[in-house]
Colleague: 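Please see the structure below; I have some questions.
All values derive from a computational prediction rather than experimental measurement. A, B, ... follow the sequence lines: proteins, then strands. Residue 1 opens every chain.
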Number of protein chains: 2
Amino acid sequence: MRTLGYAVLSLLSREDLSGYDLKRWMERPLGYFWSAKHSQIYPELARLEDEGFVTHRVVEQQGKPDKKVFAITAEGREALKAWVTEPPVGRAPRDELILKAYSMWLAEPGAAAVLFEEQGRLHEEQLRHYKATEAWMEENWGGSPEKMDFDDFASYAALRRGIGYERDYAEWCRWVAAGLKERLSG
Amino acid sequence: MRTLGYAVLSLLSREDLSGYDLKRWMERPLGYFWSAKHSQIYPELARLEDEGFVTHRVVEQQGKPDKKVFAITAEGREALKAWVTEPPVGRAPRDELILKAYSMWLAEPGAAAVLFEEQGRLHEEQLRHYKATEAWMEENWGGSPEKMDFDDFASYAALRRGIGYERDYAEWCRWVAAGLKERLSG
DNA sequence: TTTATCTATGTCACTCTTGACATATTAACC
DNA sequence: GGTTAATATGTCAAGAGTGACATAGATAAA
């Protein structure tokens, strides 16, 4: 099975969801580390159902169209559990901003500094958002990681990676921008 | 043009290279932040030549097959320069290990701890490699970033992002593993 | 002499992913 | 009554990327 299938199962292992619900989780917050569009999700759900990893029931709603709510099966949960402790398949890292940094010597230092300051602000903004979520989790999930339920700790751990990433990325952007500004005057 | 084209131009802006040379740069060190296989590189070179961004000449070698050495054109250099200060196109981040962390509550804490310790070691190893390169650069390129040539500073900046990334990633892996071990005993 | 390896260049089928197209229900607003 | 937006589910064409296939010159080792 491909990683997308496990991403879907990882959400369904916590809660029954429709394709539309999954689409929104794949935007935020799961999308912060694994994203997919609805054009991938609906065919993937059909495959997972073919393979016996999920089932669905149609739910009628008032004020909204009917929906198909998917649930993970015992086989699905077993497959997901087995996958969790397998080493991840190595993906080629691709970061366009680092590539731009590698070529920034061709550009005007001032124009490049603007870019890295802008990007730094974007990462700082994302960091603030993550920090607010972290504070909410710590308040509502027992104060410290050791006291959290295991599933809450798993969510908290994923968030902590996001915090580290954005903090470090923002700092690097500021450092690059500062280095560029030195080349402006002296 | 797609990012792959600019990755190729970014290498050719520093040095004339054959498709085979580019392939090796795309493994290491450029591959640390933008990678491509030779099956992508050769067609891309043909496209770049069609568009007038590169030219090539055939070079005969002793003891090796002939090669086509590519050089960036003035148009290619201009296109690359303009691209450098444009904001990067947002790519969907995908990190399978964070997805595994998000689902680790389904697994045995001990088995999951083994995974995160393993992955932590891999990131520490990459970090050591980067740190050795950093030391080499500082020794050979003037001691500190401000004293470096602009193109050397650009390479150094790209490396510094890698160092921050691996350091922070390794630390997160150790932190997750420690949290999992607590759930083993108490 | 055969085999393996490195250099060197290319093509092709397949998978993954995206963006556009397509349709339908219901609510809210003008 | 018409428009817009949110909910809800799907398909399809195209692009990006990988792995396998293919060929070939030259060296070195067995």
Side-chain angles (χ1 to χ4, degrees), chain A residues 1-8 11-12 16-28 30-31 33-50 54-70 88-96 99, chain B residues 1-8 11-12 16-28 30-31 33-51 54 56-70 88-96 99:
Chain A
M1 210 196 320
R2 66 170 141 308
T3 306
L4 173 62
Y6 294 110
V8 169
L11 288 168
L12 293 180
D16 293 356
L17 296 167
S18 69
Y20 192 74
D21 294 330
L22 284 162
K23 177 208 119 188
R24 283 184 298 194
W25 277 91
M26 290 281 194
E27 286 162 358
R28 179 174 38 83
L30 196 94
F33 48 92
W34 202 274
S35 70
K37 311 280 181 181
H38 78 280
S39 53
Q40 263 192 300
I41 293 166
Y42 289 111
E44 186 62 31
L45 283 167
R47 266 189 295 268
L48 289 171
E49 189 151 40
D50 272 354
V54 304
T55 54
H56 84 267
R57 60 182 195 283
V58 175
V59 173
E60 289 172 38
Q61 302 181 104
Q62 53 274 51
K64 291 178 203 170
D66 296 355
K67 63 178 173 180
K68 290 161 75 171
V69 173
F70 287 83
V89 296
R91 313 190 102 243
R94 286 200 176 85
D95 187 318
E96 201 176 316
L99 189 58
Chain B
M1 211 197 316
R2 68 171 141 310
T3 305
L4 174 61
Y6 293 109
V8 169
L11 288 169
L12 294 179
D16 292 357
L17 296 166
S18 68
Y20 192 74
D21 295 330
L22 284 162
K23 176 208 121 190
R24 283 184 298 194
W25 278 91
M26 289 280 194
E27 285 161 359
R28 181 173 36 86
L30 196 95
F33 47 93
W34 202 274
S35 71
K37 313 280 182 181
H38 78 280
S39 53
Q40 263 192 301
I41 292 166
Y42 289 111
E44 185 63 30
L45 282 168
R47 266 189 294 269
L48 289 170
E49 189 151 38
D50 273 353
E51 290 162 351
V54 304
H56 83 269
R57 61 183 193 283
V58 175
V59 173
E60 289 173 37
Q61 300 182 105
Q62 52 274 51
K64 292 178 201 170
D66 296 355
K67 62 178 174 180
K68 290 162 75 171
V69 173
F70 288 83
V89 296
R91 311 190 103 243
R94 287 200 176 85
D95 186 318
E96 201 176 317
L99 189 57

Colleague: Who passes side chain to side chain contact (heavy atoms under 4.5 Å, CB included) against B:Arg28, sequence neighbours left out?
Modeller: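 Checked B:Arg28 against side chain to side chain contact (heavy atoms under 4.5 Å, CB included); matches are B:Tyr32.
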Colleague: Should B:Arg94 be listed as having a side-chain N or O under 4.0 Å from OP1 or OP2 of C:dT17?
Modeller: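 Result: yes.
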Colleague: State which residues pass side chain to side chain donor-acceptor pair (under 3.5 Å) with A:His56; sequence neighbours excluded, sorted by chain then number.
Modeller: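 Listed in chain order: A:Glu49.
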Colleague: Taking only residues two or more places apart in sequence, or in another chain, which ones meet B:Asp95 in a salt bridge (Lys or Arg N to Asp or Glu O under 4.0 Å)?
Modeller: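 Salt bridge (Lys or Arg N to Asp or Glu O under 4.0 Å) list for B:Asp95, sorted by chain: empty.
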Colleague: It should be established whether B:Arg91 places a side-chain nitrogen or oxygen under 4.0 Å from OP1 or OP2 of nucleotide C:dC16.
Modeller: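 False: B:Arg91 side-chain N/O out of range (4.0 Å or more) of C:dC16 OP1/OP2.
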Colleague: For B:Arg24, what residues pass the side chain to side chain donor-acceptor pair (under 3.5 Å) criterion, not counting sequence neighbours?
Modeller: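 With sequence neighbours excluded, B:Arg24 shows a side chain to side chain donor-acceptor pair (under 3.5 Å) to B:Asp21, given in chain and number order.
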Colleague: Check whether any side-chain N or O of A:Lys37 sits under 4.0 Å from OP1 or OP2 of C:dG19, and answer yes or no.
Modeller: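 A:Lys37 to C:dG19 OP1/OP2: side-chain N or O found under 4.0 Å.
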Colleague: Got a second to check how far B:Met26's CE is from B:Lys23's NZ, nearest 0.5 Å?
Modeller: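 With rounding to 0.5 Å, CE (B:Met26) is 12.5 Å from NZ (B:Lys23).
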Colleague: Rounded to the nearest 0.5 Å, how far apart are CD of B:Gln61 and OG of B:Ser18?
Modeller: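 Reported to 0.5 Å precision, the distance equals 7.5 Å.
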Colleague: Toward the 5' end of DNA chain C, which comes first, A:Ser35 or B:Lys68, by nearest nucleotide?
Modeller: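 Here B:Lys68 is the residue nearer the 5' end.
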Colleague: Give A:Lys23 one of three labels, base, sugar-phosphate or nothing, depending on what nucleic acid heavy atoms sit under 4.0 Å from its own.
Modeller: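 Since no nucleic acid heavy atom lies under 4.0 Å of A:Lys23, the category is nothing.
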Colleague: Where along nucleotides 22-30 of chain C does protein come under 4.0 Å, by heavy atom, of base (B) or sugar-phosphate alone (S), with - for untouched nucleotides?
Modeller: ---BSS---
Colleague: Looking at A:Val69, A:Val54, A:Leu11, A:Thr55, which one forms a side-chain contact (heavy atoms from CB on, under 4.5 Å) with A:Asp16?
Modeller: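 Running side-chain contact (heavy atoms from CB on, under 4.5 Å) over A:Val69, A:Val54, A:Leu11, A:Thr55 with A:Asp16 returns exactly one hit, A:Val69.
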Colleague: Minimum heavy-atom separation for A:Ala36 to A:Leu4, with atom names?
Modeller: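 Smallest heavy-atom distance, with atoms named: CB-CD1, 3.7 Å.
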Colleague: Taking only residues two or more places apart in sequence, or in another chain, which ones meet A:Arg91 in a side chain to side chain donor-acceptor pair (under 3.5 Å)?
Modeller: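 Not a single residue meets the side chain to side chain donor-acceptor pair (under 3.5 Å) criterion with A:Arg91.
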Colleague: What pair of heavy atoms forms the shortest contact from B:Gly5 to B:Leu48, and how long is it?
Modeller: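 Closest pair (atom of B:Gly5, atom of B:Leu48, distance): O-CD1, 4.0 Å.
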Colleague: Rounded to the nearest 0.5 Å, what separates atom CZ in A:Arg47 from atom CE in A:Met1?
Modeller: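 Reported to 0.5 Å precision, the distance equals 11.0 Å.
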Colleague: Going 5' to 3' on DNA chain D, which nucleotide is the first and which the last to come under 4.0 Å of a heavy atom in chain B?
Modeller: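 From 5' to 3', the first and last contacting nucleotides are D:dA16 to D:dT27.
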Colleague: C:dA8, OP1 or OP2 - any side-chain N/O from B:Arg24 closer than 4.0 Å?
Modeller: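 For B:Arg24, the contact criterion (side-chain N or O under 4.0 Å from OP1 or OP2 of C:dA8) is met.
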Colleague: Going by the rule side chain to side chain contact (heavy atoms under 4.5 Å, CB included), which residues pair with A:Pro88 if we only count those two or more places apart in sequence or in a different chain?
Modeller: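 Partners of A:Pro88 by the side chain to side chain contact (heavy atoms under 4.5 Å, CB included) criterion, ordered by chain and then number, come out as B:Glu96, B:Leu97, B:Lys100, B:Leu115, B:Gln119.
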Colleague: Kindly write out the residues that satisfy ring-ring contact (aromatic ring centres under 6.0 Å, His included) with A:Tyr20, not counting sequence neighbours, or none if the list is empty.
Modeller: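 Partners of A:Tyr20 by the ring-ring contact (aromatic ring centres under 6.0 Å, His included) criterion come out as none, since no residue qualifies.
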Colleague: Quick check on C:dT15: is either OP1 or OP2 less than 4.0 Å from any side-chain nitrogen or oxygen of A:Arg47?
Modeller: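 For A:Arg47, the contact criterion (side-chain N or O under 4.0 Å from OP1 or OP2 of C:dT15) is not met.
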Colleague: Which residues in residues 1-8 of chain A have a heavy atom closer than 4.0 Å to any atom of DNA chain D?
Modeller: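 None - not one residue of the stretch has a heavy atom sitting under 4.0 Å from the strand.
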Colleague: CG of B:Asp21 versus C1' of C:dT7: gap in Å, rounded?
Modeller: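 From B:Asp21 CG to C:dT7 C1': 10 Å.
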Colleague: Quick one: B:Glu27 CD to C:dC6 C1', roughly how many Å, whole number?
Modeller: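 The answer, rounded to whole Å, is 13 Å.
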Colleague: Take the C1' atoms of the five end pairs on each side of the helix from C:dT1-D:dA30 to C:dC30-D:dG1, get both axes, and report the angle to 10 degrees.
Modeller: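 For the helix from C:dT1-D:dA30 to C:dC30-D:dG1, the axes at either end differ by 10°.
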Colleague: Sequence neighbours left out, what passes side chain to side chain donor-acceptor pair (under 3.5 Å) with B:Gln40? Give chain and number order.
Modeller: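 In terms of side chain to side chain donor-acceptor pair (under 3.5 Å), with neighbours along the sequence ignored, B:Gln40 is linked to no residue.
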Colleague: Is the distance from OP1 or OP2 of C:dT9 to the nearest side-chain N or O of B:Tyr20 less than 4.0 Å?
Modeller: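 No, outside the criterion.
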Colleague: For A:Asp66 and for A:Ser39, find the nucleotide of DNA chain D with the closest heavy atom, then tell me which residue's nucleotide is more 5'.
Modeller: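 Final value for this comparison: A:Asp66.
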